[in-house]
Amino acid sequence: MIMGIDHGYYAIKTRHFSFPAGVTAYTHEPYTLKNTLQIGGKYYVCGTGRQPILRDKTVNDNYYILTLAAIAMELRCRGLPAESSVALAAGLPLARYGRDKKLFTEYLLRNGQPVSFLFEGERYKVKIENVKLFPQGYSAIAIHPELVKDEPSVLLMDIGGWTVDLMVGVFLLWR
């Protein structure tokens, strides 16, 4: 199954969910398990405000934790088994796409696949089989190339919570 996740600075977005890209870690069980992921003996409450903008999203485990939470939420919403394999389609900021593509792919794949964790008290075992990365905002045009078919040039703008990314003229190759 292919699952799209937008790893934004402001929010994590999937087909059915959007929540703030903040994580708060606890060494003990929090008062509620709502939005809580448990892995490696720690508890992570996902969606707790914003984290600071990180040029490199792989410097800590926050985006990985948020990815697992997003996968669990999507599996539950879609009525799929808690033990599943997924292929991720994710976006990277345009300015960092070339530099970070390999690093972010490895970060999400983690050699220790599959990974077992609890989300909101429910046990999950997830294998991320493949990761395909795209420039952020690219999918908006990629799924409807007919919208730019006769345009001499195209300006694609991805407006995020803290950033604005621009892509110019890339789609001329589609003619």
Side-chain angles (χ1 to χ4, degrees), residues 1-93 95-97 99-136 158 160-163 165:
M1 147 195 33
I2 298 172
M3 189 175 294
I5 300 177
D6 182 342
H7 297 84
Y9 290 118
Y10 176 76
I12 302 298
K13 297 162 291 287
T14 68
R15 181 177 181 188
H16 297 101
F17 300 97
S18 177
F19 56 95
V23 176
T24 302
Y26 294 92
T27 56
H28 59 278
E29 185 175 333
Y31 72 94
T32 178
L33 293 179
K34 183 169 176 52
N35 298 323
T36 300
L37 186 135
Q38 183 183 355
I39 189 170
K42 290 187 179 176
Y43 296 84
Y44 299 90
V45 180
C46 301
T48 53
R50 294 181 177 180
Q51 58 184 315
I53 289 183
L54 302 170
R55 282 184 130 352
D56 178 0
K57 294 179 179 181
T58 67
V59 297
N60 59 37
D61 285 335
N62 289 358
Y63 277 96
Y64 185 68
I65 297 297
L66 293 165
T67 299
L68 295 179
I71 290 170
M73 294 166 79
E74 279 293 319
L75 289 175
R76 186 183 324 151
C77 178
R78 297 178 190 191
L80 297 170
E83 186 168 333
S84 292
S85 294
V86 299
L88 293 182
L92 281 174
R96 305 210 39 103
Y97 179 75
R99 280 178 290 207
D100 293 350
K101 183 178 177 182
K102 184 177 187 295
L103 184 64
F104 201 61
T105 298
E106 291 169 357
Y107 173 81
L108 292 174
L109 283 173
R110 303 271 168 127
N111 293 331
Q113 297 286 331
V115 61
S116 296
F117 60 93
L118 296 173
F119 184 71
E120 295 185 339
E122 184 178 341
R123 184 166 306 282
Y124 288 85
K125 186 174 183 180
V126 173
K127 179 167 179 58
I128 300 172
E129 292 195 356
N130 190 14
V131 174
K132 183 70 175 171
L133 296 176
F134 301 93
Q136 287 177 342
D158 179 33
W162 287 349
T163 59
D165 294 313

- Going from CZ on R123 to CD on Q38, what distance comes out if it is rounded to the nearest 0.5 angstrom? 8.0 Å
- Message: Using side-chain heavy atoms (C-beta onward) and a distance below 4.5 Å, is L118 in contact with L33?
- Response: no
- Any sub-3.5 Å donor-acceptor pair from Q113's side-chain atoms to E129's backbone N or O? no
- Task: With rounding to the nearest 0.5 Å, note down the distance linking CG in N60 to OH in Y107.
- Result: 6.0 Å
- Item | Nearest atoms (heavy-atom pairs only) where F134 meets A89 | CE1-CB, 4.0 Å
- Are there more than 12 heavy atoms of other residues, nucleotides or ligands under 6.0 Å from atom NZ of K127? yes
- Between T36 (side chain) and K34 (backbone), is there a donor-acceptor pair under 3.5 Å? yes
- Message: Restricting to non-hydrogen atoms, name the atom on L75 and the atom on A82 that form the minimum distance, rounded to 0.1 Å.
- Response: CD1-O, 4.5 Å
- Note on the structure: L68 and L37 have their tightest heavy-atom pair at CB-CD1, 3.6 Å
- Message: Is the shortest side-chain heavy-atom distance between M73 and T14 below 4.5 Å?
- Response: no
- Message: Can you confirm whether L108 sits close enough to H7 that some side-chain heavy atom of one is under 4.5 Å from a side-chain heavy atom of the other?
- Response: yes
- Message: With heavy-atom distances below 4.5 Å as the criterion, would you say the side chains of F117 and V126 are in contact?
- Response: yes
- Ionic contact status for R110 with D61, cut-off 4.0 Å: yes
- Backbone N/O of T58 and side chain of Y63: donor-acceptor pair under 3.5 Å: no
- Does the side chain to side chain contact (heavy atoms under 4.5 Å, CB included) test come out yes or no for Y64 and V115, once each step is laid out? CA-CA 11 Å; Y64 185 68; V115 61; 3.7 Å; yes
- Nearest heavy atoms of M3 and A70, plus distance in Å: SD-O, 4.5 Å
- Item | Between NZ on residue K57 and CG on residue D100, distance to nearest 0.5 Å | 9.0 Å
- Under a 4.5 Å cut-off applied to non-hydrogen side-chain atoms, are E120 and R76 in contact? yes
- Message: Using only atom types and a distance under 3.5 Å, with no angle test, would you say the side chain of K132 pairs donor to acceptor with the backbone of N130?
- Response: no
- Message: Go through it in stages, so that I can follow the logic: the residues are Y44 and I39, the test is side chain to side chain contact (heavy atoms under 4.5 Å, CB included), and I'd like the CA-CA distance, side-chain angles, deciding distance and then a yes or no.
- Response: CA-CA 8 Å; Y44 299 90; I39 189 170; 3.7 Å; yes
- Which atoms form the tightest heavy-atom contact between K13 and G8, and what is the distance? NZ-CA, 4.2 Å
- For atom CZ of R78, decide whether the heavy atoms of other residues, nucleotides or ligands shown that lie under 6.0 angstrom number more than 12. yes
- Query: Sub-3.5 Å donor-acceptor pair from the side chain of Y124 to the main-chain atoms of A69, do we have one?
  - Reply: no
- Item | Heavy-atom side-chain contact between T24 and Y26 under 4.5 Å | yes
- Query: How many angstroms lie between atom CZ of F17 and atom CG of N35, to the nearest 0.5 angstrom?
  - Reply: 10.0 Å
- Query: Can you tell me how far the CG atom of L66 sits from the CD1 atom of I71, to the nearest 0.5 Å?
  - Reply: 11.0 Å
- Message: Within this structure, what is the CG-CD1 distance for the pair L88 and I5, rounded to the nearest 0.5 Å?
- Response: 5.0 Å
